[in-house]
Amino acid sequence: MFGLLDCNNFYVSCERVFQPRFEGRPVVVLSNNDGCIISRSAEAKALGLAMGAPYFQVKDVLRQHGVQVFSSNYALYGDMSRRVMWYLGQVTPGVEIYSIDEAFLDLHGLDQYMQPYLGGGLEAFAHTIRANVKARTGIPTCLGVAPTKTLAKLANRVAKKNPDLGGVLYLDSAERRAWALEQVAVSDVWGIGRQYAQKLTAAGIDSAADLAKVSEAWARKMLGGVVGARLVRELQGYPCSGLHPSEDGTLSRQSISCSRTFGRPLTAHNDVRAAVASFLTRAAEKLRAQGDQAYVLTVYVQKNRFDPKVPPPYSRSATLTLPGGPSADTRVLAQYAGHLLSKILEPGCTYHKAGVVLDGLEPPTTGQQLGLFAPAAPVAEAAAKVSADRPQLMTTLDGLNARFGRGTVRLGSAVPTTLIGGRAPWQGQAQWQSGAFTTRLEDLLTVS
DNA sequence: TCTGGGGTCCTAGGACCC
DNA sequence: TCTGGGGTCCTAGGACCC
């Protein structure tokens with residue numbers, strides 16, 4: 001059996017843990033740059049506020065109903081997430097962290113085992129987990145338990161929609177499974193997005209139960225090949241995907257990116273360059289934190305796609321397989337990024353957003369291979385020289401930034417040449433950010 | 001004026017090889 | 001001029017996820 005534990009309205013719940021006066025009131029959390037709504041309390045949902053709604057379009061509604069607005073505070077959410085995941089790791093044989101607020105649990109063989117302890121077996125165990133997460137972290141959750149991941153997701157969803165279930169649904173019998181499948185619209189099945197939902201309803205497939213009845217060939221044809229076939233099999237109760245435990249409570253990525261919409265449109269290439277250098281710095285930090293090097297680097301810039309005066313294409317990108325071999329050195333990566341950027345920046349263009357992506361991630365190879373396949377290109381030569389010089393520098397830099405705060409020590413190229421209101425020109429708004437209650441000493445709550 | 005950010009997996013098609 | 005079958009690797013793009 002698989003469990004799927006999902007935190008309810010996670011970001012809103014995190015804010016409420018530290019400011020309980022917002023309990024029972026409508027609350028929303030906004031995306032970066034205070035752009036759109038990314039988390040809503042039940043009360044906010046009841047007001048008709050949609051997920052992803054742009055703030056500027058709904059701000060009157062927010063004000064009218066006295067909705068409490070927060071800018072996103074990832075230092076807080078990330079830390080709360082680690083606490084939840086850590087606890088799950090203590091009580092189950094395997095945890096796959098699926099996202100900041102969701103985890104699959106390995107519950108195989110636990111039903112019999114739990115019976116003598118909890119009487120009700122797995123179902124009672126699920127209730128215990130949920131209660132303990134709430135008691136230890138303050139975060140409310142729902143837990144679906146079923147023979148496949150897809151059914152566990154579905155069970156979780158049904159548990160969320162039916163408060164009488166007490167936050168847990170265990171699909172242990174064919175009858176319960178059939179009932180649960182009837183409750184869920186096909187568009188709400190895990191793996192069915194907008195495009196597929198449209199195709200399916202056009203074909204008269206409206207519920208998850210309908211989808212569970214289609215033939216494999218039909219699923220392959222309509223739902224993107226093998227993915228669709230697996231999805232239907234999983235709905236029928238045959239597992240097609242196992243649990244991939246997250247080692248020591250962290251997630252290891254196959255690609256790492258960092259991108260931002262700028263706080264204001266940027267025209268000066270120097271500003272865009274500094275922004276990209278700072279995004280690259282962040283991406284390289286994440287790369288080293290997971291103990292990898294990157295072999296492939298992509299840089300992209302975007303114009304404003306919402307501006308009718310700007311013709312497509314909105315985005316230009318350039319990708320490079322590092323000629324000097326994989327690297328985790330910010331200086332090396334930044335040099336290549338600057339080079340890639342020169343290929344895609346156009347004079348007189350106004351940019352809205354930029355980003356970097358690191359791919360081809362692998363652990364550092366032992367031994368010195370520098371220079372062996374040394375490329376002739378001047379950029380590569382310069383880059384190789386840089387990384388050979390003081391190889392410990394990145395470790396030192398990460399140590400300093402961990403101790404004294406992110407950005408304490410930076411590359412010169414990532415430092416903005418001008419500041420606007422004390423911030424770099426690419427940094428956005430975060431008008432309503434709460435404190436880093438759990439990770440910054442100055443923000444600790446005081447109890448009087 | 002203001003519209004997020006970070007991921008995964010799969011398929012198709014081209015280049016190249018024997 | 002006609003003309004095979006299989007394999008690998010890479011990239012671009014689509015669809016989906018939270």
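Order of the sequence lines sets the chain letters (A, B, ...), proteins ahead of strands, with each chain counted from 1. Predicted, not measured: the structure shown is a model, and the values here were computed from it.
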Contiguous pairing runs of three or more, Watson-Crick or G-U under 3.5 Å, that involve DNA chain C: B:5-18 with C:5-18
List the steps and the verdict of side-chain hydrogen bond (donor to acceptor under 3.5 Å, both in side chains) for Ser71(A) and Asp34(A). CA-CA 6 Å; Ser71(A) 304; Asp34(A) 294 337; 2.7 Å; yes
Testing the 3.5 Å rule here: is there a donor-acceptor pair between the side chains of Thr150(A) and Arg233(A)? no
Could you work out the separation of dT3(B) and dC18(C) based on their P atoms and round it to a whole Å? 24 Å
Check: Val299(A) and Phe279(A) side chains under 4.5 Å, non-hydrogen atoms: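 No - every pair of side-chain heavy atoms lies 4.5 Å or more apart.
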Anything under 4.0 Å to a heavy atom of chain A counts; send over the first and last such nucleotide of DNA chain C, read 5' to 3'.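 The contacted stretch runs from dA15(C) to dC18(C).
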Option from Phe18(A), Tyr11(A), Phe437(A) for which side-chain contact (heavy atoms from CB on, under 4.5 Å) with Met80(A) holds: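 One option only clears the test, and that one is Phe18(A).
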Flag the pair Lys303(A) and Glu346(A) as a salt bridge only when some basic side-chain nitrogen lies within less than 4.0 angstrom of an acidic carboxylate oxygen.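 Here Lys303(A) pairs with Glu346(A) in a salt bridge, since their nearest N and O are under 4.0 Å apart.
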Looking across every strand, which nucleic acid part, if any, lies under 4.0 Å from [X] by heavy atom: base, sugar-phosphate, or nothing?
X	result
Lys199(A)	nothing
Ile256(A)	sugar-phosphate
His352(A)	sugar-phosphate

Spell out, as yes or no, whether a donor-acceptor pair under 3.5 Å connects the side chain of Asp79(A) to the backbone of Thr439(A). no
